[in-house]
Number of protein chains: 2
Amino acid sequence: MGHMTTHRTPSAGTAAPPGTAAMSLTERQEERRRRILQATARLAGRGGYDAVQMREVAESAGVALGTLYRYFPSKVHLLVATMQDQLEQLHATLRKRPPTEEDPAARVAQTLMRAFRAMQREPHLADAMVRALTFADRSVSAEVDAVSRLTTAIILDAMGLTGPPGAEQLSAVRVIEHTWHSALITWLSGRASIAQVKIDIETVCRLITR
Amino acid sequence: MGHMTTHRTPSAGTAAPPGTAAMSLTERQEERRRRILQATARLAGRGGYDAVQMREVAESAGVALGTLYRYFPSKVHLLVATMQDQLEQLHATLRKRPPTEEDPAARVAQTLMRAFRAMQREPHLADAMVRALTFADRSVSAEVDAVSRLTTAIILDAMGLTGPPGAEQLSAVRVIEHTWHSALITWLSGRASIAQVKIDIETVCRLITR
DNA sequence: CGCTAATCTAGAACAAGTTTCAGACTGGGT
DNA sequence: ACCCAGTCTGAAACTTGTTCTAGATTAGCG
């Protein structure tokens with residue numbers, strides 16, 4: 001793997017690269033970005049992390065390798081962006097059908113297990129995204145943070161709070177998030193069964209009720 | 001990165017490679033293994049994951065590249081083995097000075113924060129080991145499992161149980177472990193402060209007391 | 001000691017992530 | 001219509017993990 005530590009110079013005479021903040025992309029750029037993310041998800045769907053090869057993604061998206069790197073400065077960035085994309089879809093889906101349980105803890109557990117089943121449908125894709133997420137170094141902080149905020153939003157939504165969350169609840173949510181990621185990883189690497197993940201999720205959700 | 005998916009053939013006409021189970025290593029082999037782990041920890045100490053380059057490890061350990069790969073079939077195997085090594089030392093240290101608190105939850109939190117401070121002393125080393133641990137795929141299951149068992153043992157020790165742990169306690173311990181790993185990662189990638197990690201640890205430890 | 005299988009070494013070769021570069025292309029402003 | 005800055009392309013180069021090979025070395029054994 002190339003210099004993972006060397007960072008792309010912000011291209012002296014060059015404007016900010018696409019993907020940076022609210023930089024309105026051209027129609028065609030928007031489209032390219034979408035094609036890239038689609039190709040990534042498709043490749044990840046077969047074969048997981050290793051099957052996402054930058055050259056293949058580029059070719060499959062009909063884009064030059066250099067362009068791919070302009071949009072996503074590394075494989076990890078690419079996969080984290082893919083996760084963000086997928087999470088947004090999931091969030092939308094979940095909004096349409098909120099959890100049915102009464103108890104907040106149960107609602108969160110139900111929601112997370114739903115998310116988990118979504119992962120089960122595409123275990124390779126899940127593998128690619130989650131591995132990238134936890135492998136990410138500081139240079140991907142911002143993007144990982146975005147994913148984290150999304151996850152937090154999903155959990156808070158599931159809790160169905162009336163008022164703003166308290167500090168205790170926020171730390172409980174963080175711990176739930178930790179557990180969710182880590183449990184996912186142990187399942188993906190075949191070290192825990194689905195039943196065990198379910199138990200862990202339910203266990204940690206008890207923190208919500210104090 | 002090379003073929004992470006292609007696996008080494010078990011070397012038809014060759015006995016099991018060193019590192020396999022209870023395969024008594026020669027004096028010199030034991031020594032080589034130790035030199036490799038030392039070199040790894042040293043390199044990881046500066047620079048973290050990226051600074052651990054297989055050629056450098058080999059050279060620094062005074063061993064041929066092929067030999068390094070015979071002892072540890074991949075960079076991830078190598079770093080997970082390093083983590084196992086370090087954890088064993090930590091466990092020994094902790095045994096000598098058990099936590100002082102009364103409450104089991106507090107004892108565990110205290111112990112984990114102690115471990116955390118050990119990590120703070122060598123953040124780059126921690127980075128390398130933890131990243132490897134969560135990046136590990138199925139081919140490293142066994143080794144990762146060993147690390148997991150060690151961690152579990154440390155936590156159970158800290159709890160200072162009189163009898164064997166109950167099922168609920170075991171799942172609480174698993175959740176604590178999840179939180180521990182994940183919180184460590186967010187800290188290492190600069191997305192959480194030490195104070196936040198402390199809060200998260202203390203929060204999750206409340207699960208012990210039901 | 002002398003043999004044989006396993007192990008070790010040096011080094012080349014290969015794979016995939018990343019960088020770089022020269023030239024073609026595009027969009028907007030004049 | 002023309003020009004400029006910024007983009008995109010295609011291809012080669014470079015880095016580092018991993019594999020392979022041919023020839024030394026070593027460990028155990030008769």
Side-chain angles (χ1 to χ4, degrees), chain A residues 1-20 23-33 35-36 40 43 47 49-59 61-79 132 135 137 139, chain B residues 1-20 23-33 35-36 40 43 47 49-59 61-79 132 135 137 139:
Chain A
M1 99 191 38
H3 338 157
M4 302 193 66
T5 42
T6 347
H7 293 295
R8 161 186 314 279
T9 81
S11 278
T14 278
T20 304
M23 211 283 256
S24 66
L25 305 187
T26 307
E27 195 80 22
R28 306 172 45 105
Q29 289 180 321
E30 203 65 83
E31 222 175 70
R32 263 189 210 108
R33 194 186 139 91
R35 276 205 312 275
I36 292 175
T40 303
L43 285 175
Y49 189 89
D50 290 341
V52 178
Q53 302 195 353
M54 300 304 271
R55 287 176 239 260
E56 276 199 56
V57 172
E59 182 181 8
V63 125
L65 189 55
T67 305
L68 172 54
Y69 272 95
R70 203 148 146 44
Y71 280 69
F72 303 96
S74 80
K75 175 168 173 173
V76 169
H77 281 84
L78 173 57
L79 284 168
F135 190 59
D137 68 351
S139 71
Chain B
M1 110 191 18
H3 340 159
M4 302 195 64
T5 42
T6 348
H7 291 296
R8 163 186 312 279
T9 80
S11 278
T14 280
T20 305
M23 212 282 258
S24 65
L25 305 187
T26 308
E27 196 78 23
R28 311 176 42 125
Q29 288 180 320
E30 204 64 84
E31 223 174 71
R32 263 189 212 107
R33 193 186 138 89
R35 275 207 312 275
I36 292 175
T40 303
L43 286 175
Y49 189 89
D50 292 342
V52 178
Q53 303 193 354
M54 301 304 271
R55 288 176 238 261
E56 276 200 55
V57 171
E59 183 181 8
V63 124
L65 189 55
T67 306
L68 172 53
Y69 273 95
R70 207 149 138 50
Y71 280 70
F72 302 96
S74 79
K75 176 168 172 173
V76 169
H77 281 86
L78 173 57
L79 283 169
F135 190 60
D137 68 351
S139 72

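Residue numbering restarts at 1 for every chain, and letters A, B, ... go by the order of the sequence lines. Keep in mind the model is a prediction, meaning the values are calculated, not measured.
- Counting to the nearest Å, the C1' atom of C:dT18 and the OH atom of A:Tyr69 are 5 Å from each other.
- Of the residues near DNA chain D, A:Val63 and A:Arg55, the one whose nearest nucleotide (by heavy atom distance) lies more toward the 5' end is A:Val63.
- In the set D:dT9, D:dC8, D:dT18, the nucleotide with an atom closest to the side chain of A:Gln29 is D:dC8.
- Taking atom OH of residue B:Tyr49 and atom P of nucleotide D:dG17, one finds them 8 Å apart after rounding to whole Å.
- Residues B:Arg32 and B:Leu65 each lie close to DNA chain C; by heavy-atom proximity, the contact nearer the 5' end of the strand is made by B:Arg32.
- At the phosphate of C:dT26, neither OP1 nor OP2 sits under 4.0 Å from any side-chain N or O atom of A:Arg28.
- For the pair B:Ser74 and A:Thr67, nearest-nucleotide mapping onto DNA chain D gives the more 5' position to A:Thr67.
- Atom CD of B:Glu56 is separated from atom P of D:dT15 by 13 Å (rounded to the nearest Å).
- Taking atom CG of A:Asp137 as the reference point, atom P of C:dT18 lies 10 Å away to the nearest angstrom.
- In this structure, CD1 on A:Ile36 lies 11.5 Å from CZ on A:Arg70, to the nearest 0.5 angstrom.
- Nearest nucleotide to the B:Gln53 side chain, out of C:dC8, C:dT19, D:dG17: D:dG17.
- Between B:Arg35 atom CZ and C:dT9 atom C1' the separation is 13 Å, expressed in whole Å.
- Residue B:His77 contributes atom NE2, which lies 11 Å from atom P of D:dT19 at whole-angstrom precision.
- What separates CD of A:Glu31 from P of D:dC8 is a distance of 13 Å, to the nearest Å.
- Side-chain contact between A:Arg33 and A:Phe72 is present, with at least one heavy-atom pair separated by less than 4.5 Å.
- Checked against C:dT9, D:dG17, D:dG10, the side chain of A:Ala64 finds its nearest nucleotide in D:dG10.
- The CZ-P distance, from B:Arg70 to D:dT26, rounds to 16 Å in whole Å.
- Between the CD atom in B:Gln53 and the CD atom in B:Glu59 there is a gap of 11.5 Å [rounded to 0.5 Å].
- Residue contacts shown for A:Val57 are absent, as no nucleic acid heavy atom lies under 4.0 Å away.
- Residues B:Tyr69 and B:Leu78 are not in side-chain contact: their nearest non-hydrogen atoms beyond the backbone lie 4.5 Å or more apart.
- Residue A:Tyr71 places at least one side-chain N or O under 4.0 Å from the OP1 or OP2 atom of D:dC8.
- Cation-pi check for A:Lys75 over A:Phe135 is not met; the charged atom does not lie both under 6.0 angstrom from the ring centroid and within 45 degrees of its normal.
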